[in-house]
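A short write-up of the structure that comes next.
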2 protein chains.
Amino acid sequence: MRHEYATKPREQIAAILATERRYLSAAEIFERLEKAEAGVSLSTVYRTLERLREKGVATSRLDERGEATYLACEPSHHHHAICRVCGGVEDVPCEAIERFARSLHDERGFMLDGHTIEFFGRCKSCG
Amino acid sequence: MRHEYATKPREQIAAILATERRYLSAAEIFERLEKAEAGVSLSTVYRTLERLREKGVATSRLDERGEATYLACEPSHHHHAICRVCGGVEDVPCEAIERFARSLHDERGFMLDGHTIEFFGRCKSCG
DNA sequence: GCTATATTTGCGAACGGTTCTCAAAATCAT
DNA sequence: ATGATTTTGAGAACCGTTCGCAAATATAGC
Ligand SMILES: [Zn+2]
Ligand SMILES: [Zn+2]
Ligand SMILES: [Zn+2]
Ligand SMILES: [Zn+2]
């Protein structure tokens, strides 16, 4: 029988992710667990993050240095505006891009089936 | 005195990049140099690629695995459509995004100062 | 050409994030 | 509680990238 065990490490990692509206690296999450003396290993952090991503509960992105970072995020198609100051992430609907995408095919014969977009700047509170 | 030396390794690496309209990793470029028995080291490949990027002659992107890849590319602002089959890259002007960007500020107070976009699909010849 | 000086190179070691291995620990059904 | 199954922690292994440094190369001046 194939079962999923509900464990303390998984709860703790999911909880950290759920309370942050920013992308966090495995190392950052591990640090917080250490401060809380949770006794959770870095390996488990990696495994759990990957698991959350597969379940569609989180997204990941690579930061400038190529380090993987994770964010609790709905699976519906949308994009992110990331604040350069506080790191805060805002969801942004797709709309316009879809239309733009269509013209790619009409004008160049490029059959679009996916895209990634990220916006950068300063959020409302960071001016 | 600060000078730039024109060397064979640099010419060879720039030449490989110039003839490929796809993103190439340092390892791929190194392989080609090995086949040509150019006797160029991997370190030099890394250093030269970084140098070309700084000069604005090439762009880089991280592939799915986080590996850095490079493409000879004009510095003017535009985006890329990448073919999932052949890896070919087509330049795509920005246009619509700029307009969309403006609404981000008007509607949410997000002060946009940059964005990254990548399109994926199949190019004209890959159907 | 040759020499002197500054730059670049190759090699190998070091680095950092991620993945893997595997025995011990935790979870769950009975 | 017992046993089958899943998960975990610790550390080694992995892999792309960066570094350190002596040897090689490119340029400027002669
Ligand atoms: Zn989101
Ligand atoms: Zn902010
Ligand atoms: Zn381009
Ligand atoms: Zn193609």
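So you know, we letter chains A, B, ... as the sequences are listed, proteins then strands, and number each from 1.
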| message | Would you call the rings of A/H115 and A/H79 parallel, tilted or perpendicular, taking 30° and 60° as the class edges? | response | tilted

| Expected output: side-chain B/S60 to main-chain B/Y70 donor-acceptor under 3.5 Å | no

| Going through the distances and angles, do A/C123 and A/C86 end up as a side-chain contact (heavy atoms from CB on, under 4.5 Å)? | CA-CA 8 Å; A/C123 73; A/C86 70; 3.9 Å; yes

| said: Let me spell it out: for each of A/Y70 and A/E4, pick the nucleotide of DNA chain C with the closest heavy atom. Which residue's pick is nearer the 5' end? | reply: A/Y70

| request: Go through B/K8 and B/E11 one step at a time and tell me if the salt bridge (Lys or Arg N to Asp or Glu O under 4.0 Å) criterion holds. | output: CA-CA 5 Å; B/K8 226 169 294 175; B/E11 279 172 26; over 6 Å; no

| said: With the threshold set at under 4.0 Å for non-hydrogen atoms, list the residues of residues 6-19 of chain B touching DNA chain C in residue-number order. | reply: B/T7, B/P9, B/R10

| task | Please list residues of residues 21-46 of chain A whose heavy atoms come under 4.0 Å from any atom in DNA chain C, ordered by number; otherwise none. | result | A/S43, A/Y46

| task | Mark yes when over 12 heavy atoms from residues, nucleotides or ligands other than B/R10 sit less than 6.0 Å from its CZ; otherwise mark no. | result | yes

| task | Decide if atom CD of A/E34 counts as having more than 12 heavy atoms of other residues, nucleotides or ligands within a radius under 6.0 Å. | result | yes

| query | Which whole-number value in Å describes the distance from B/E67 CD to D/dT18 P? | reply | 12 Å

| query | Is the base of C/dT7 touched by the side chain of B/Y5 through a donor-acceptor pair closer than 3.5 angstrom? | reply | no

| Is it true that B/R51 and B/E54 have a side-chain N and a carboxylate O under 4.0 angstrom from each other? | no

| request: For a side chain to side chain donor-acceptor pair (under 3.5 Å) with B/H80, tell me which candidate from B/T116, B/T59, B/D91 qualifies. | output: B/D91

